[in-house]
Amino acid sequence: MKLFLYSLLIILSFSFYSSYAQENITISGYISDGSNGETLIGSNVYVVELQKGASTNEYGFYSLSLPQGRYTLQYSYLGFITQEIIVELFQNQKKDIELATEASELTEIVISSEAPNANVSTNEMSVNKLDIGTIQKMPTLLGEVEILRSIQLLPGVSSVGEGASGFNVRGGSIDQNLVLLDEAPVYNSSHLFGFFSVFNPDAVKDVKLYKGGIPARYGGRLSSILDVRMKEGNKKNLALNGGIGAIFSRLSVEAPIVKDKASFIIAGRRSYIDVLAQPFLNEDVEGSVLNFYDLTLKTNFDIDEKNTLFLSAYTGRDNFGFGDDAGFNWGNATTTLRWNHLFSDKLFSNFTVYYSDYDYQINFGSESTNKFDWDASIKNYSFEPEFTLFLTPGNIVRFGAHGIIYEFEPANAVGVSEGEVTDLTLPKKFAIESSLFIENEIDIGEKLSLNYGLRFSMFNYTGEGTAYEYAESTPGLRRPVVSSQEYDQWESIKTYNNLEPRLSLKYQLNDKQSFKLSYNKMSQYIHLISNTTAATPVDIWTPSTNNIKPQIANQVALGYFQNFKDDIYELSAEVYYKKMDQLVDYIDGADLLINELLEGDLLEGQGRAYGLELMFKKTEGKFNGWVSYTLARTERQVNGVNNNEWYASRFDQLHNLSLTAFYDVSKRISLSANFALISGTPTTFPTTRFEQQGYIIPDNAFDSRNNVRIPSYHRLDVSATLQGKKNEQRRWQSEWVFSIYNLYSKRNPFSIFTRLGENGVTEAVKLSVVGNFIPSVSYNFKF
Amino acid sequence: MNHFNKISRSILGLLALGVMITSCEDVIVLDPIESDTQLVIDAWIDNRNTTQTISLSQSRQYFDNTTPEPVTNANVTLTKNDGTIFIFNDNNQNGKYEWEPSTNETLGISGDHFSLEIDINGDLLTAETTMNRVPPVDSITQEFRDDEIFLDDGIYLEFFARDPQGTGDAYWIKAFKNGEFLNRASQLNIVFDAGFDSGSQLDGIIFIPPIREFINELDNDDIDTPWNPGETSKVEIHSLSINAFNFLEIARDQINNGSNGIFSLPLANTRTNITNESGGLKPLGLFNVAAVSSLEIQVE
């Protein structure tokens, strides 16, 4: 803590020293889309005379402090017409700007970024920003626009296979990604296991993925931050968006409440597999439910020039029901309330309060005397003040704090048989995570710019609860309890704290070329307990305890960035090395669910991931897209697994190549395709079979983990979008999207496993989740 | 996925079934991974007045579906803590070493401690275990159930037994229908202190419901099948050491792992409690001496 305060002082004095050389005047305001009033994140303000600029923050706000004088300011954002204004700066002033969309009806933007040469010029690296317009144009499974599947086409991002929930970033497991929806964490980002994500594309404004060089304002997970920002809602007009697809139907409504002051968006989706399947169900399963839905709501209110309020809410659920007798459902709910307040033209602040909840419920039996009910959840409540001080162009200080209260309910399970009640409920667990951060983004001279910062995080595992002490045992075997101790509500059981330095640095060779370097230390205090190939919805989250240490990662990355031909082509090349410690692993035969003594079944391991990521992008023109290639290794070492030796993790993929291409045939027709070629992931095969009491049991004589590789994976998807005839008189616009997933019907293996077949024959089986090509048609409309 | 294995497995299996309309499984041929043959010791014996058998054989490469090679000419000796020695003989030279009790003779009572010694051409293998206590099977009840989801109407059985006070008791429930052992892998029913495992923290209560109902025969889809009047049901409870319980828990999960689809567990090895004192390859298999209780009824 002392060290943190000390560093804070250094950062502050450093940044103030460089800014207080002269008296400056501030011009500030918001930049938004003139057509609907949505603020534009990361749009650019450029001071022609000084050849310096600034970009808007997550709320569309910018602030520039300049010496007195007359300046030409250029406001720009890709896909919008640049606006130039001349200002006489003698006193502080407000300037809100609305940008108009480019007249061209061809939306040719692929990946929007702060400036045409942002790839080279920002000090961010290992960061990908996907524009929702791009995501909407990609070919998809069953025609559903998919945020989480889209980011898997970026370098460094992968998944264990089709249908698996979550994603893996640079060798990290799925729980090492902090998925934020308007700042609230989403604990299970998938519908229907991993086929669809919980984000309704109609309500999403901006998606940003940090794989490395993670700024100090983010923390709590080792591998990545996926920051999803929702639309605020049209401030000008009523707008309607909708679509009818094979899986979901979607509808969103947005409208001003008070024109240019307050607006809302409400967006919903629901699947209808169950409705379609109903006629085919036999009477046993009649009344079965199989659906998933989500509902997203956001509203905002500009109180005055200095204050804005935002309220966002999300709820979504997957429901499976089998008659009256059995049901299974899971879902997330989040609520975020934010207040933007301007203390001055230079000091922007945001105060966030959020609530997030993930829970599942399983029940069997409809009679009160014979039933089994089981549910579990993770809930958290958080408060997050954050301040941004815009000192001079090229000198920004951000600082703030983050407090989270966690409530874990690992199992609430009660069985009733013939009226006899068996209660298997496990006690709740509680924890408080708090952190402080400060970061400074600063340009030093013409060529060098850096963002350096520090995060201090503290985790307190508290009562009420029982803390167990376990005996040591041979690594890999269940550890027995030796003693236990009771704690009262909020009484501290164990605390951990970590200082997490962060740095990203850019050295610009010239307009078109730069080198970047980043380092980050991350700590993670909550863990998803899962040892199956793909995570299941019933996996539970658990806090760090007196027995489970926080996971720690240190990552360094080095990159080279170059743009060609007026920034039409972008090249990025990065190498990274990530070391992870105190990872959670499991003994053989671990009991992960409804286990009060779970900690005795956990192991502690370490991991390392390293690789090369290349991306080449064409950002403009009728034909555009990108190629992404990753050469990577990700390994684990756990005492008690694989003879204590390093082994390739389940999501290790040596090569991962993907091509994404868009082609605009005419004003009305556009085509897109993507192709993926991925090395096979490793899995473990038995070498031996033996019999005990008539049962045939597999065994791996070498006690090795991940000793074989499944074959490589490749797949091509295509889609065509046909837009309805444009009629200036009508606001109604529509399009048809035709897509084919897995065009050449490749039966790609999800896994190869061995099993005891009928008649006691041991055999190997290839499991393909998608065994065929899947065509689909969807219809989208806008009003 | 051990807990409520039946419940959670079946629900995930059903979800996978219902949802992955497009998925498919192909049996493929793979090159085996070569490894040395290991000695397999199948030493699950009990305190009943019946022939007790310890089988010795050779392990096989995983995809080899031929009958295991028996290991003959070994000396198999069991010693009780009171000094009694039981010699197991391979009378038929088929790797089945047997001890034949005389009238009313048994290996012992719960609490007795046993050591096993196997001498194969000078290689010495040893193991130790204690016969744990077993509660009686109090009753087997029958009930007519109406058509439910995943259940045809008909007669279904349930057995009752109460775990004794004190933690650390483990059992293997063996169910028989008309004298035939219900040996389907998914029916392997093991109990820890009346519940599924030590983490349930149950003790001294009647075995919890899903365990009680595992005595109905499962069909190929692992769904309970009804009984007919006149059929006989027998339930045996065999006490287990903790080692034996852990062994069967891993064995059960691994045998059934093939139906878990995308949610499969990593391969895990069972852990033997038998040591090769001569320092050669470790053997496979387990040594457990069970106390057994049982009850048989006729379905009405």
Side-chain angles (χ1 to χ4, degrees), chain A residues 163-164 192 284-285 290 320 322-323 325-326 328 362 364 415 417 422 424 531-534 536 538 588-589 591 593-598 684-695 697-701 703 750-751 753-756 761-772 774, chain B residues 1-3 7-8 11-12 15 18-20 22-30 33 35-36 38 40 42 44 57 59-63 65 68 148-149 183 185 188 197-201 208-209 246 249-251 253-255 257-258 260-270 284-286:
Chain A
L192 195 59
D284 266 6
V285 282
L290 194 163
F320 296 84
F322 308 96
D325 298 310
F328 180 17
I362 296 174
F364 284 88
S417 175
T422 309
L424 298 169
N531 68 345
T532 49
T533 309
T536 75
V538 298
D588 284 349
D591 292 325
L593 296 171
I594 318 194
N595 185 354
E596 171 72 0
L597 308 178
L598 170 72
T684 316
F685 273 10
T687 58
T688 308
R689 57 179 270 184
F690 68 101
E691 280 177 37
Q692 290 282 294
Q693 297 294 293
Y695 296 101
I697 301 171
D699 196 82
N700 176 328
D703 236 335
F750 177 91
S751 65
F753 60 88
T754 53
R755 71 171 174 207
L756 185 61
V761 170
T762 37
E763 60 194 14
V765 179
K766 180 176 87 168
L767 171 71
S768 309
V769 171
V770 174
N772 244 314
I774 303 178
Chain B
M1 202 85 358
N2 304 335
H3 259 296
I7 293 167
S8 51
I11 198 145
L12 287 176
L15 291 179
V19 161
M20 294 170 193
T22 58
S23 76
C24 56
E25 290 183 355
D26 300 300
V27 173
I28 55 172
V29 176
L30 289 177
I33 303 169
S35 66
D36 292 330
Q38 286 164 277
V40 179
D42 185 350
W44 300 79
S57 62
S59 71
R60 276 163 302 151
Q61 176 272 316
Y62 186 75
F63 296 111
N65 283 298
E148 291 169 35
I149 192 148
N183 64 350
L188 212 160
D197 51 52
S198 56
S200 308
Q201 302 237 289
I208 64 172
N246 290 338
E249 195 178 27
I250 292 180
D253 290 347
Q254 291 298 321
I255 299 168
N257 203 16
N260 290 344
I262 66 169
F263 306 115
S264 65
L265 296 163
L267 183 78
N269 284 348
T270 53
L284 295 168
L286 200 103

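Residue numbering restarts at 1 for every chain, and letters A, B, ... go by the order of the sequence lines. Side chains are part of it too, since the values below use all heavy atoms of this structure and drop only hydrogens, waters and symmetry mates. Predicted model only: the values in this text are computed from it and were never measured.
- Proximity to chain A involves both the backbone and the side chain of B:Val27, based on heavy atoms less than 4.5 angstrom apart.
- In this structure, the portion of A:Phe750 lying under 4.5 Å from any heavy atom of chain B is its side chain and not its backbone.
- Comparing A:Thr754, A:Asp699, A:Asp703 by heavy-atom pairs within less than 4.5 Å of chain B, the highest count is held by A:Asp699.
- Ion pairing between a basic and an acidic side chain is recognised when a charged N comes within 4.0 Å of a carboxylate O; A:Glu763 and A:Arg755 show such pairing.
- When heavy atoms are compared at a cutoff of 4.5 Å, A:Thr422 approaches chain B solely by way of its side chain, counted from C-beta outward.
- Scanning all heavy atoms of the two residues, the minimum distance from B:Leu284 to B:Ser59 falls at CD1-CB, 3.9 Å.
- In this structure, A:Glu596 has no salt bridge (Lys or Arg N to Asp or Glu O under 4.0 Å) partners at least two apart in sequence or on a different chain.
- Between chain A and the residues B:Asp36, B:Asn269, B:Val29, B:Leu286, the most heavy-atom pairs under 4.5 angstrom are made by B:Asn269.
- Put simply, the side chain of B:Gln254 reaches to within 4.5 Å of the side chain of A:Pro698, judged on heavy atoms.
- Of all the listed residues (A:Leu597, A:Thr687, A:Leu598, A:Leu756), the one sharing the greatest number of non-hydrogen pairs under 4.5 Å with chain B is A:Thr687.
- The closest side-chain heavy-atom distance from A:Thr684 to A:Asn700 is below 4.5 Å.
- Ranked by non-hydrogen atom pairs under 4.5 Å with chain A, the options B:Asn246, B:Asp26, B:Thr270 are led by B:Asp26.
- Both the backbone and the side chain of B:Glu25 come within contact range of chain A, each with at least one heavy atom under 4.5 Å from a heavy atom of that chain.
- Heavy-atom distances place both the backbone and the side chain of B:Pro266 under 4.5 Å from chain A.
- By the side chain to side chain donor-acceptor pair (under 3.5 Å) test, B:Gln61 pairs with no residue at all, sequence neighbours left out.
- In this structure, the side chains of A:Pro686 and B:Leu267 come closer than 4.5 Å at one or more pairs of heavy atoms.
- Looking at B:Ile250, only its side chain comes within 4.5 Å of chain A, counting heavy atoms on both sides.
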